[in-house]
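A quick write-up on the structure given underneath.
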Amino acid sequence: MASGVHPDHNVFPSVLKSSTLSVDLRFGESVHACIVRLGFHLDLYTNNALMNMYAKFQSLDMSMRDEFYGLEVSGGHKIYVHEVLDGIPERNGDGQAKSVLVSCNEPNTDYRKHRFEESVLGSGDNVNLHSVELPCSDGARHVDEGSCAKTNNGRRLQMDSVRKVFEQMPTRDLVSWNTVIVGFARSGLFEEALKMVREMRNANLKPDSFTLSSVLPIFAEYVDVIKGKEIHGYAIRHGLDTDLFIGSSLIDMYAKCTRVEDSHRVFGLLPRRDVISWNSIIAGCVQNGMFDEGLKFFRQMLLAKIKPRHVSFSSIMPACSHMTTLHLGKQLHGYIIRNGYDDNVFIASSLVDMYAKCGNIRIARCIFDKMELHDMVSWTSIIMGHALHGYALDAISLFEQMEKEGVKANSVAFVAALTACSHAGLIDKAWSYFNSMTRNYGIVPGLEHYTAVADLLGRAGKLEEAYEFISSMHIRPTGSIWSTLLSACRVHKNVELAEKVAEKIFMTDPDNIGAYILLTNVYSAAHRWKDAVRLRIHMRNKGLKKTPACSWIEIKNTVHAFAAGDESHPCYDKINEALNVLLERMEQEGYVPETKEVLHDVEEEQKKYLLHYHSERLAIAFGIISTPDGTTIRVIKNLRVCGDCHTAIKFISKIVHREIIVRDNSRFHHFKNGKCSCGDYW
DNA sequence: ATAGGGTTAG
């Protein structure tokens, strides 16, 4: 097997590259031992490759494994490392590697494992790997999960090895510095990385495109656009600003600093664009809530004949989640399956979220259950999905299952758990999560946690408690959290508190239309017509216009939108007819319209009419007449589903024997046989 | 021998 040729300095960089890809630290360490034994530990290229190997071990994750099948060694062979049997060498030590099981692919030969005594490179003799011939099949693949150091400790440990190698090098070039810098940057040791950049300049070496594209992600993470711009300026002065790698880091950095316009500028100035530059701009748009823009870039990328990658899909999918465009999400899902991307954790999580947000929690659960590996994000997505659909108990048991499987909840997971409680009125459970989060997990509650708890207290009618809770937050309450309480004041008809809360909102946001409308409704419900009118006039004088309630339903890839009393739909006559039949049946079943809160200056019959022609009812009626029996009806409403609306849909679901799913802003209500998944917690 | 982009948040 060994030719006996002495290895030259080209051998180890090649072997080390292979061990880097093998995801096997122990194998790499045995190679390191050989390097020392054969006296190559002073060779510049060998050391650079060695540092790269140690640096890579800490950043390899599951998703990267999809991208390699074997290790290319020069000569066209692929080596598969199966097992290190014993004798793990000391780092930087004198090499006591005993034996390694490897196999190698070569066409038309059978699968066999080869056992090497002493070390992978032979029995202490000088062996040139170029000439090693190892017949076997291409099916072999070794993945050692244990050597995937993903924890911080693991990362720091690997970086210690990199540092040790670096320090004992007699000479260092730009590549050496860049390798150390990227190693620190990727292990989250940002300050160390930046320190190395300064030291490198002290050593009279100029940062190049490798350095800059490794350092830029740090400022993206720090959200430090000033430092990021400094790098951008340096790049321009050195003619590096049109470099593909720097370009995509710049696009990403500006986007993460919420400066998407600057991302656009950089993207526009690139002379050439690859998948990653496209992905950067797409992700940048989506992360900043510019969903249409992101989709536009996604389509342009396809038109430019750039084949999307894993990242492209996990970047664009949230756009479908946020816009609730199920048909688009399904198209993307189709593409994902056809290209075999569906086993990627990022993509699967984004799909789970998309289906849940688009109203199909069953498919979301299906995808989740099929995943081989659940990380914290996929757990959080499915928990949040159940929470938003009102299935609080499922959400809670999923949360417990997650903990049992050793996945530790982070602050987002707690938002999901608290949201589940708030949607189902589980006050005690919510407090236990809230307290455990702060006491046992050391998580400082953020606005989202406070909002979920305040929302829950409000929905449950504990208005004063909610007020005290919001007032005692350690961060400044926002208009949106007060709005939650204002909305609860409307439901529970508490005028005094509503005025107090509205005052809080107007202090920071005097033009908050939603708050005006809610307060008007509170006055109307309490028959304080004069106050209601006064407020309406005030709004008119300020030029504030109420945005009308609107509901929409997606049928066969077309979105049909309805506003209250909207007669413009081509099927209006049929919808009208269906609604009349429905109303009759509903009243037979005992439905009594709750007309009190509607405009006081309208005749009683007119009130009933207005109520009945609410946007969501138009949309549901259209769904009923245009889809076959038994089809679930999914409708989206841009106002909270509460009060009369909630009651009416319960009746409708009983009469038509269908499941009706209504989404208001972000929550789903499943109506079936006259019941709602979230009880009466609106 | 070294570099860039991704999923969850009422």
Side-chain angles (χ1 to χ4, degrees), chain A residues 9-10 12-14 16-17 20 43-53 55-56 63 173-183 185-186 208-217 220 243-253 255 274-284 286-287 309-318 321 344-354 356-357 375-385 387-388 410-416 418-419 422-423 446-456 480-481 483-484 487 640 664-667:
Chain A
H9 63 270
N10 293 320
F12 284 109
S14 165
L16 285 165
K17 187 168 189 171
T20 302
D43 178 66
L44 178 65
Y45 281 25
T46 302
N47 275 316
N48 285 348
L50 199 49
M51 290 193 295
N52 182 47
M53 177 193 76
K56 279 275 168 57
S63 59
D173 66 355
L174 199 51
V175 177
S176 326
W177 286 95
N178 284 342
T179 306
V180 183
I181 290 165
V182 80
R186 271 205 289 241
D208 65 351
S209 69
F210 285 83
T211 327
L212 301 193
S213 49
S214 312
V215 163
L216 275 167
D243 176 274
L244 257 192
F245 285 78
I246 296 179
S248 39
S249 313
L250 280 172
I251 293 168
D252 181 57
M253 184 275 295
D274 66 358
V275 218
I276 299 188
S277 359
W278 281 102
N279 285 340
S280 305
I281 192 71
I282 292 168
V286 175
Q287 285 160 0
R309 283 207 226 167
H310 294 90
V311 184
S312 320
F313 293 102
S314 41
S315 306
I316 197 64
M317 199 59 76
S321 308
N344 177 289
V345 208
F346 286 77
I347 293 184
S349 304
S350 70
L351 277 171
V352 167
D353 180 64
M354 186 277 292
K357 294 254 171 67
D375 66 351
M376 205 264 307
V377 175
S378 47
W379 278 109
T380 304
S381 303
I382 197 68
I383 293 168
M384 195 57 170
L388 293 177
N410 74 349
S411 107
V412 187
F414 275 103
V415 174
L418 290 169
T419 303
S422 99
H423 207 349
L447 190 65
E448 289 87 356
H449 305 101
Y450 286 123
T451 306
V453 175
D455 188 59
L456 167 59
S480 69
I481 192 164
S483 298
T484 321
S487 172
R640 187 175 274 198
D664 68 31
N665 293 326
S666 66
R667 291 169 190 233

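Letters go in sequence order (proteins before strands), and every chain restarts at 1.
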In whole angstroms, how far is the [atom2] atom of [N] from the [atom1] atom of [X]?
X        : N      : atom1 : atom2 : answer
A:Met253 : B:dA3  : CE    : P     : 20 Å
A:Leu174 : B:dA3  : CG    : P     : 13 Å
A:Met384 : B:dA9  : CE    : P     : 6 Å
A:Gln287 : B:dA9  : CD    : P     : 13 Å
A:Phe414 : B:dG10 : CZ    : P     : 17 Å
A:Trp278 : B:dG4  : CH2   : C1'   : 17 Å
A:Leu50  : B:dT2  : CG    : C1'   : 14 Å
A:Met354 : B:dT8  : CE    : P     : 12 Å

- Message: Measuring from atom CZ of A:Phe245 to atom CG of A:Leu212, what distance do you get when rounded to the nearest 0.5 angstrom?
- Response: 13.0 Å

- Task: Kindly compute the distance separating CD1 (A:Ile251) from CD1 (A:Ile246), expressed to the nearest 0.5 Å.
- Result: 12.0 Å

Candidate nucleotides [options], ranked by approach to the side chain of [X] - the nearest:
X        : options              : value
A:Thr419 : B:dG10, B:dT7, B:dG6 : B:dG10
A:Ser314 : B:dT2, B:dG6, B:dG4  : B:dG6
A:Phe245 : B:dA3, B:dG6, B:dA1  : B:dA3
A:Glu448 : B:dT8, B:dA9, B:dG4  : B:dA9
A:Asp353 : B:dT2, B:dA9, B:dG4  : B:dA9
A:Lys357 : B:dG4, B:dT8, B:dG6  : B:dT8
A:Val311 : B:dG6, B:dA1, B:dT8  : B:dG6
A:Ser248 : B:dG6, B:dG4, B:dT7  : B:dG4
A:Pro217 : B:dG4, B:dT7, B:dA1  : B:dG4
A:Asn344 : B:dG4, B:dG6, B:dG10 : B:dG6

- Task: Check whether the side chain of A:Asp274 and the base of B:dG4 form a donor-acceptor pair under 3.5 Å.
- Result: yes

- Beyond-backbone contact of A:Ser315 with A:Val286, side-chain heavy atoms, under 4.5 angstrom: no

- Side-chain heavy-atom pair A:Asp375, A:Ser378 within 4.5 angstrom cut-off: yes

Categorize [X] for me: base, sugar-phosphate, or nothing, with a 4.0 angstrom heavy-atom threshold over every strand shown.
X        : answer
A:Ser280 : sugar-phosphate
A:Ser214 : sugar-phosphate
A:Asn47  : nothing
A:Leu216 : nothing
A:Ala283 : sugar-phosphate
A:Ser213 : base
A:Asn52  : sugar-phosphate
A:Thr484 : nothing

- Note on the structure: Sorted by chain and number, sequence neighbours left out, side chain to side chain contact (heavy atoms under 4.5 Å, CB included) with A:Asn48 holds for A:Leu44, A:Met51, A:Met169, A:Asp173, A:Val175, A:Ser176

- Using side chain to side chain contact (heavy atoms under 4.5 Å, CB included) as the criterion, list what pairs up with A:Ser312, not counting sequence neighbours. A:Val275, A:Asn279, A:Phe298, A:Met301, A:Pro308, A:Arg309

- Answer yes or no: does a side-chain N or O of A:Lys56 lie under 4.0 Å from OP1 or OP2 of B:dA1? no

- Query: For B:dG4, does either OP1 or OP2 sit under 4.0 Å from a side-chain N or O belonging to A:Arg309?
  - Reply: no

- Message: Taking A:Ser411's backbone N and O only, do any of them form a donor-acceptor pair with A:His449's side chain (distance below 3.5 Å, no angle check)?
- Response: yes

